[in-house]
Structure formats: C-alpha cells, structure tokens
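The structure appears right after this line, and notes come after that.
Per chain, numbering begins at 1; letters A, B, ... match sequence-line order.
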Protein chains: 2
Amino acid sequence: MNTPDVLNVGHDCGACPIRHRAVCARCEADELQKLEQIKYYRSYQAGQTVIWSGDKMDFVASVVTGIATLTQTMEDGRRQMVGLLLPSDFVGRPGRQAAAYDVTATTDLVMCCFRKKPFEEMMSKTPHIAQRLLEMTLDELDAAREWMLLLGRKTAREKIASLLAIIARRDAHLNLKAAQGSIVFDLPLTREEMADYLGLTLETVSRQVSALKRDGVIALEGKRHIVVPDFDRLLEETGDDSDGGMLV
Amino acid sequence: MNTPDVLNVGHDCGACPIRHRAVCARCEADELQKLEQIKYYRSYQAGQTVIWSGDKMDFVASVVTGIATLTQTMEDGRRQMVGLLLPSDFVGRPGRQAAAYDVTATTDLVMCCFRKKPFEEMMSKTPHIAQRLLEMTLDELDAAREWMLLLGRKTAREKIASLLAIIARRDAHLNLKAAQGSIVFDLPLTREEMADYLGLTLETVSRQVSALKRDGVIALEGKRHIVVPDFDRLLEETGDDSDGGMLV
DNA sequence: TCTGCGCTTTGACCTACATCAAACTGAAAG
DNA sequence: CTTTCAGTTTGATGTAGGTCAAAGCGCAGA
C-alpha cells in the first residue's frame, strides 16, 4: 500500500511530470495505477498549434519536454501571450469544455495528456491531486500578476531584461551553471514571440536587445545564443526589487 | 448528518461567503461546524490598508462587503493594481507566510477571516474546500490573463471601456437592472485607482472618460455616478470579441 | 554556387500617451 | 459663508515606443 514519496525523493518513475508532482506517498497505490492507465503522450513540432482558442478540449495535460505558449488574439490581430509553459507546467481546466487560449508549440514539444472525464473523476477521489493543482495554479496566478506589473508599468528595456532574467534563471537552475554569475543559454523565442509576450513590437524588442548588448549587459553569439556575464547586472535592469521577492 | 446544499440553494446561512461557496451538502456537518469556529470578522474603512506586501499574514479571508484591491509597487513608486476583490473573492495563500501584495480597502470593507493554521488543517481534511478554492483560483487566473491582454495591447479608450464594462456587468448582475440595455452604477474607484489598474496615468483616464462621455457612450452625474445608456455600445468600445467569450 | 525565404536589424518618421502645470468642483470643517 | 483640500479636468508640451520601409543575415534547397 505504501508507495515511495516520489514528490520528495524525486526518483525516476516515468516521464510524466504530473506523476512526480501530483501524487505522493499519502496517495494509494491504486490511484497511481489509475493515473497510469488514463495517460498518453502527444508530440508536436516547433510552430505547430496544439489547440485553438474556442476548440473543444477533452483533455488536460502537462508539458514533458519543450516549450508551449498561451496566447490571446483580438479581432484585428493584436496578440498577447498570457502564459509560457515550461516542462512540468499544466494546461487545461477541469470542468471547462473549450480552450480559452491558443496553445502553440514554440519548440518541439511532448505533452502528457489525460482525458478530461477520467481525470476529473480521479481528482474527486484523490484529494491530493486537487491540492497539488491548487498550488500550481496559485503559482501561475502569482506569475500572471508579476507579468501585469511588467505589462502595465515597465519600460521596454526593463521588460526585455525581465524576460531574459526569467529564462536565464530557469536555465541556470536546470544546468547548475550559475558559476560566479555568468550564465549562458539559448533563447527559445523569436523576436516576435518576445514582443507578444512583452506587449511590444518586434522592432522595439530588437532595438532593446541591441541596446543591452551595446551596454555590455548581455553578449550575443548568433541571434539566439545569449551570454549573461553578470547576472546581478541584468537584474538591476529589470526594475524589480533587489531582494528578488522571496516569498514562501 | 445531512446539511442543506447551501451552494445550490443559496439560502442565507450567515454573512460569510466562503460558507456558501466552499462548503456543500457533501461535506460533513461537523466540518461546517469547524469552519464556523475558526472564522472571525474584520472591518476596514475606505482607504485603509489591510496588509502591506511582505508583512506576515497569518490568515486567509474572503470579502463579505465592499471592495479591496491588490497592488504591487516598484521601488521608484510606479504602481500596478493586480487584482480587484469583490464580495465573495478570496485573499491569501495557504502555505505562504508573507503577503505578496498590498491589500487596500477602497470602500468600507468587511472581511471574513480564518486563521491560517486551522484553515489549512481543515483544508487537508475536507477535500471540497480545496476543490472549490481551485475553481476560484482558476477563475482569478483567467481574469488575470484577460487583464494581461488589456495591459499589453489595448488602447487607453479600450482600457477604460473594458473596466467600465466589467463593473457595469457586475452591478447589473447584482441589481438585476439590466432593463433594455441601460445600466446605472457608482464607480467604486478614483481616477488614480483606475489608472493604476489600467496601466495609465490619472490624466489619461480623465481624458478618456470625458471622451466617452462626449461621444455618448456613457453619461456622468457628478464624478462617480455613471449611466450606460446602451451596454452593447460600450462593449463595442472594449475591443473584445463580440461574443463575450462565454466559456464553461 | 546561387536563390529564396524566414528572421532580424536599422533608420526615419509619427502618434498615443506621459509629464508638467494650472484651474475647477464639491464636500467637509471652521 | 469662507476656507481647505482631495479629487478631477483641461491645456501645452515632451517622448517612448509604434509604424513603415529597406537592408542584412543565415540556411535549406536546387
């Protein structure tokens, strides 16, 4: 009856993040089993659309590898990205029929899906899944609100710096390459995607990236490969409080 | 053992919204009892700060009457409102020690509070509370994302129209005064608060409100009392899709 | 090797909104 | 009734970022 606490131990129990994250030792083994039974994988190529806003969406899913974006589009074509889905992030809303946003793969993407019906049934029987989902949703809500500050009040330069800092931080975290403040990573977004995320035009993004380069805050190798020689210097450019707002 | 399903029946079982919303017939009567025991009320005057960002927050709460705002402030004073709390909305995050935002009463305000510890304990024992909270959080996330589109891509006029539409819609809902499209309500926000919500300056807000008045989209009586003669006309000004995006 | 095609950069110009400043309004206090 | 003061309106001017246009830069395919 006792499954290992995969949440803390973090050992390999399959490729699907939700298994790591939503299930823990306190859950019964047969619930794990059920999750296993209803899950399946889907792959997408970079640029492919996973689902269009308004389409029927009969599954929920989490990202296994790659990056996906959530975007909203106005009738006249103005676009705003409202979410960036990184590995282990969750998409889809239990209880909702149709997708609320366009979901697009910006890199090659693998998602771990669960058909909605059985997932919902399981959720109502397995309290810890709802609790884990709540936690993740609250994290996303915080991220969205941080982004509201960015969109509403930051300058173009601060916006770019903030985005770079987020991606850099995440990559540093994954690669543990945060050696004495220097971080190297590949931008997973085009200038246009960055613009859609930041509420700018692609020209302004290009100009500000050039400006940051000119000022020595970042260095470019090619268009996409970025070197941040001094992460603290980059952080100064974001306009955020220096003490990174570490809340628990 | 059977309590009435207050969620659906909606009869009066006390002033506290979370009682209506988080507890339902499927919950045990003694859980209701416990919720009852750990809750208490707090009142604030218009303009008072409920809690400052970073302060220790040892409770979670829901709004009973009045309006509160969540705002973020940058070091140099730039401010962005990231949430508007209306009656029945929830503040506070189970598991977090410190407040992430300034919470301010913009009108006289009554909140129903729960000390965090016992609330968390109860949540872990009463699955439906976590599920209800998840639903509410997902709603907030959707609202935040809609706001991201507004902040990133809408013009000042569209921003104002959108905000008025939200408040008008809500008031129409409460008062059932949506008689043939004409809606009347009081603005609960100052020009400056509107500006902080919309990512504008108060002067621009004032100018655009005047413009909407000049163009007959709205009428003003005094500074705060607003008449929307034709709600559909107002909606046209928001830039949103005409079919209101009704997702379930 | 050349060609075409995304993606990006850069420049010249324009405009929506910000900034600065002054006057107005109305309610509360004396 | 006058004063005061927070909130608001309106005007004049400045500017960050948008728009339009033209090159530049790989890279895949022929």
### Message
I want to check something: taking the side chain as every heavy atom from C-beta on, are B:Tyr101 and A:Asp142 in contact at a cut-off of under 4.5 Å?
### Response
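Heavy-atom side-chain distance check passes, below 4.5 Å.
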Looking only at side-chain atoms of [X], point me to the closest of [options].
| X | options | result |
| --- | --- | --- |
| A:Lys223 | C:dC17, D:dC25, D:dG17 | D:dC25 |
| B:Leu220 | C:dT19, D:dT9, D:dG18 | D:dT9 |
| A:Thr201 | C:dT8, D:dT19, C:dT19 | D:dT19 |
| B:Arg207 | C:dT8, D:dT10, D:dG18 | D:dT10 |
| B:Thr155 | D:dG17, D:dT9, C:dC17 | C:dC17 |

Sugar-phosphate only, base, or nothing, as touched by [X] at under 4.0 Å among non-hydrogen atoms:
| X | value |
| --- | --- |
| A:Thr190 | sugar-phosphate |
| A:Arg224 | sugar-phosphate |
| A:Gly47 | nothing |
| B:Leu200 | sugar-phosphate |

### Query
Short question: side chain of A:Gln80, backbone of A:Tyr197 - any donor-acceptor pair under 3.5 Å?
yes
### Intermediate values then yes/no, side-chain contact (heavy atoms from CB on, under 4.5 Å), B:Phe231 and B:Arg169
CA-CA 9 Å; B:Phe231 190 63; B:Arg169 177 141 40 199; 4.2 Å; yes
### Stepwise salt bridge (charged side-chain N to carboxylate O under 4.0 Å, His left out) test for A:Glu237 and A:Arg233
CA-CA 7 Å; A:Glu237 297 283 351; A:Arg233 175 73 205 286; 3.3 Å; yes
### Whichever of B:Lys154 and A:Glu203 has its nearest DNA chain C nucleotide further upstream toward 5'
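First, find each residue's nearest nucleotide; the 5'-ward one identifies A:Glu203.
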